[in-house]
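Note that the structure is predicted; figures quoted are calculated from it, not measured. Convention: sequence-line order gives letters A, B, ...; per-chain numbering from 1.
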2 protein chains.
Amino acid sequence: MTKGATQGAARRRGRRPGGTDTRAALIDAARAVFIEQGYDGATVRAIAAKAGVDAAMVNHWFGSKEGLFAEAVLKLPFSPHELAERLLDGDVDNLGQRIVRTFLTTWDTTGGGVFTALMRSITSHELAAHVLRDFLIKHVAGQVLKSVGIDHHEFRATLVASQLVGMGMVRYVAQFEPLASTDVETMVAAVAPTIQRYLTGPIS
Amino acid sequence: MTKGATQGAARRRGRRPGGTDTRAALIDAARAVFIEQGYDGATVRAIAAKAGVDAAMVNHWFGSKEGLFAEAVLKLPFSPHELAERLLDGDVDNLGQRIVRTFLTTWDTTGGGVFTALMRSITSHELAAHVLRDFLIKHVAGQVLKSVGIDHHEFRATLVASQLVGMGMVRYVAQFEPLASTDVETMVAAVAPTIQRYLTGPIS
DNA sequence: GTCTATACAACGATAGAC
DNA sequence: GTCTATCGTTGTATAGAC
């Protein structure tokens, strides 16, 4: 659209003059459209149109729609190493609070639409669930729980994930009130004890 | 819908002999296919084939695919009153346990695919989220929490929902191990205290 | 001159509508 | 059944960078 899809006359064939980065434009457009429409709802043509290029460019640069999806949506907007470090910076007894607070502020500021897109991808595209699982378990949960150093750390990790995912589903996707509009600190007070118990408390 | 007036004598041609109810057969088939494939994945043709009728019948009876979806999926064969009664049959101190156990045994026996379908509908179909929310909050959560009789019952209800939805997402949709394979009683031991605190404990 | 990023046309499949 | 629209994808000619 604003990207200069058709600048007055018909788009010219051939290589564009220097500086344009079709690949990056496609990733930006794909992120937006996948977020809005979901994997199946997003069409290659719509993404290409938003990027101001031809649909064939998707196959040229990413091989397929699925390749573009992997590049655009599954490359999350945060560094797992940074995240783990930030969570571990402090007392283990407050880890639950930091996790809930970080989770909510992160997704609140990104608008929640990204989280919805992620859930939509997971529910409709088996590949996404697998990739996300490996990513989370290996790079975030693994690092954090190794530092906590306690038994059943894999089970505890999935328990933590369950409460966080559910909180995101209710807050961002389904938007059940009043939870969807509850301020972050109230949420921390309510949910952090749950996370803390899953991390370091008795679970059986 | 756009039916009713046209189901008289004008539709004689091709009508099946005695007793068969194409409309009901379509709803049954649609329920199964929508559950299995999600809204986008379910095709009108597949539904019609399962019902043993022509695809044109969908348009005839329900106007469109979306009309059929509304009739089939959003009217679940589900008794909220029964559910609420079953949950309330016992001590309030064990309510968390009963909720987790009922949730898991219900969805475990239906295979988990149904839960996935529900989440898929919610994430991809805004209408479904609204209808489901009203349904749950009004008929199930409302009744249960009124009996518990405590402050902030709406907030508590959404907190409970968040843990249950998240547990289902991890167990049935994303299938994160080991939670996905953990037996029901171990899950109850781990998660019930969370639910119980959301219901009757301090949350702020 | 060579390479390649690009646009365009068209294909086969498949959907919902009529 | 047929029609029409649209999907993801592929083949190919070409404009421009190097």
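Using modelled atom types, no side-chain atom of S181(B) and backbone atom of P178(B) make a donor-acceptor pair closer than 3.5 Å. Without hydrogens or angle criteria, R101(A) side chain to V184(A) main chain gives no donor-acceptor distance under 3.5 Å. Checked by atom type and distance alone, the side chain of T200(A) never pairs as donor or acceptor with a backbone atom of R197(A) at under 3.5 Å. With hydrogens and angles ignored, the 3.5 Å screen pairs a side-chain donor or acceptor of Q196(A) with a backbone N or O of G96(A). No donor-acceptor pair closer than 3.5 Å links the side chain of N94(A) to the backbone N or O of Q97(A).
For M57(B) and dG1(D), the CE to C1' distance is 13 Å, given to the nearest whole Å. When the P atom of dT10(D) is taken as reference, atom CZ of F62(A) falls 16 Å away, rounded to whole Å. Residue K65(A) contributes atom NZ, which lies 12 Å from atom C1' of dT6(D) at whole-angstrom precision. H60(A) places its NE2 atom 13 Å from the P atom of dT10(D), with the value rounded to the nearest Å. One atom, CZ of F69(A), and another, C1' of dG8(D), lie 16 Å apart when rounded to the nearest Å. Straight-line distance from the CZ atom of R45(A) to the C1' atom of dT9(D): 9 Å, rounded to whole Å. The nearest whole Å value for the distance from the CG atom in D54(B) to the C1' atom in dC18(C) is 12 Å. Taking atom CG of L68(A) as the reference point, atom P of dT9(D) lies 10 Å away to the nearest angstrom.
Checked against V191(B) for a side chain to side chain contact (heavy atoms under 4.5 Å, CB included), the options L104(B), I99(B), L164(B), V100(B) give a single hit: V100(B).
Of the candidate nucleotides dC8(C), dT9(D), dA17(C), dC8(C) has the atom lying nearest to any side-chain atom of A56(A). Among the nucleotides dA5(C), dG16(C), dA17(C), the one closest to any side-chain atom of W61(A) is dA5(C). Candidate nucleotides dG16(C), dT9(D), dT10(D) were compared by shortest atom distance to the side chain of V44(A), and dT9(D) ranks first.
Heavy atoms of A55(B) sit nowhere under 4.0 angstrom from any nucleic acid atom. A42(A) comes within 4.0 angstrom of the backbone, heavy atoms only, and of no base.
Residue T22(A) places at least one side-chain N or O under 4.0 Å from the OP1 or OP2 atom of dT6(C). Side-chain N/O atoms of N59(B) include none lying less than 4.0 angstrom from OP1 or OP2 on dC18(C).
Salt-bridge formation is detected for the pair R171(A)/D108(A): a Lys NZ or Arg NE/NH1/NH2 atom is positioned less than 4.0 Å from an Asp or Glu carboxylate oxygen.
Counting only Watson-Crick and G-U wobble pairs whose two key distances fall under 3.5 Å, DNA chain C forms stems of three or more stacked pairs at C:1-18 with D:1-18.
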